[in-house]
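Quick caveat: nothing in here was measured; it's all calculated off a predicted structure. Every number for a ligand or one of its atoms is a count from 1 in the order of the listing.
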Amino acid sequence: MTLEEVKNDDSKYIMNTYGRFNVALVKGKNAVAWDVNGKEYVDFTSGIGVNCLGYSDEGWVNAVSNQAKALQHMSNLYYSPLQTQVAKKLCNLTGYSKMFFSNSGAEANECAIKLARKYSFDKYGKERTEIVCLYNSFHGRTVTTLSATGQDAFHNYFFPFTQGFSFAAANDIDSVKKAVTKNTCAVMVELIQGESGVRPLEEAFVNELKQYCHDNDMLLIVDEVQTGVGRTGKLFCYENYGIKPDIITAAKGIGGGLPMGACLCTEKLGDVLTAGTHGTTYGGNPIACAGALEVLNRVADDKFLNAVNEKGDYFFKKLNAMEQVEAVRGMGMMIGIVLKKDNAKEVATKCAENGLLVLTAKNVLRLLPPLTITYEDIDKGLAILAKCL
Ligand SMILES: *Cc1c(COP(=O)(O)O)cnc(C)c1O
């Protein structure tokens, strides 16, 4: 198929919900991808932070394809040795007590919201349901996670939205206190707001927030869907802040390219969701679990994570030296680039034409390279970026 054929059928048969680049990919290897015409791209996107081991990593491909040959799905009515291995590994690595498997980030956040509300229901009764989120957050596309997303543009068309969410300004503890009422059960944040422009929260604010939540028996939920699984140079980003949230959610990188999400909680929350109160058909699917096990075996390793930090530092240094760059934000290999000319969309399009895939987030350029990217590919991609800037 040619690019034109794909584009025609795409617009004819698929709901037009995405603004796509003029690229149709068919193949990849680590941080390099090829399109229908055989054109090569350096890929600084990893499928929006999903392919943490890059395209078609050998160990991951073997794990996933062997599992597909053995048993692809079996429902959550039966015990799954793979699910228990992934769960045990995640809990042991993080110190969390229990987890729930979902298929996406939005669903992982839905689980966190239900968990927080039921904890509060069981302890305080049915009025204490409110959750404070931050402005400029992003928590997903379901009706409830849209409600939790602190951007007006997302609160349109789909009325009525789920009740019980209010918003506060990032890095402003007084604003959080103002948004809290006697019926607040939780506060939910991203430690680095990804979709709204790669903005890290300040450490002092995060520490005050943790203490404030603790003092008022409100649960601190950290959405690590984008920041988790090695992206910021630690297994999870909360480690960079020296706090331990009550609940964290993960998705994107966790399956290495297969749909998986996770909601992890501390001991006091481990038995709140009981049989019949939550569930999913696909969650913890064996093939996704086989991928996740390979991802965790590789990423949760000091050498691997140090390499992520070093590559991140290298990106920051090289990007800061580019004269068109105003500022670089983020941590590890979650990178936002503020451009002097404020023309990120235009630059991203130009990069694709010239063989480099990059993302945007609001008005910044955003890079989420595979964690396994080589310095050679980093240099190749940065040279194309410099030219396009
Ligand atoms: C991508 C993302 C989500 C949504 O994940 P889906 O898998 O698309 O549902 C939620 N929260 C954050 C922080 C994200 O980056």
* **Sequence-distant partners of Tyr282, ring pair (Phe, Tyr, Trp, His ring centres under 6.0 Å), two or more places apart** => His73
* Would you say the ring centroid of Phe316 lies under 6.0 angstrom from that of Tyr314? -> no
* With no hydrogens and no angle check, do the side chains of Thr349 and Glu346 hold a donor and an acceptor under 3.5 Å apart? -> no
* **Residue pairs involving residues 295-307 (criterion side-chain hydrogen bond (donor to acceptor under 3.5 Å, both in side chains); sequence neighbours excluded)** => Asp57-Arg298, Lys89-Asn297, Glu294-Arg298
* To do: Return the set of residues passing side-chain hydrogen bond (donor to acceptor under 3.5 Å, both in side chains) with Asp43 (not counting sequence neighbours), or none when no residue passes.
  => Thr45, Tyr55
Write 'none' if nothing qualifies; otherwise put on separate lines each N/O atom of ligand 1 with a protein N/O atom under 3.5 Å away and their distance to 0.1 Å.
from, atom 1, to, atom 2, distance (Å)
ligand 1, 7 (O), Gly105, N, 2.8
ligand 1, 9 (O), Gly105, N, 3.4
ligand 1, 9 (O), Ala106, N, 2.8
ligand 1, 11 (N), Phe138, O, 3.3
ligand 1, 11 (N), Asp223, OD1, 3.4
ligand 1, 11 (N), Asp223, OD2, 2.8
ligand 1, 15 (O), Gln226, NE2, 2.7
ligand 1, 15 (O), Lys252, NZ, 2.7

* To do: Could you give me the CA-CA distance, side-chain angles and deciding distance for Asp215 and Gln211, then say whether side chain to side chain donor-acceptor pair (under 3.5 Å) is met?
  => CA-CA 6 Å; Asp215 293 346; Gln211 188 63 43; 3.0 Å; yes
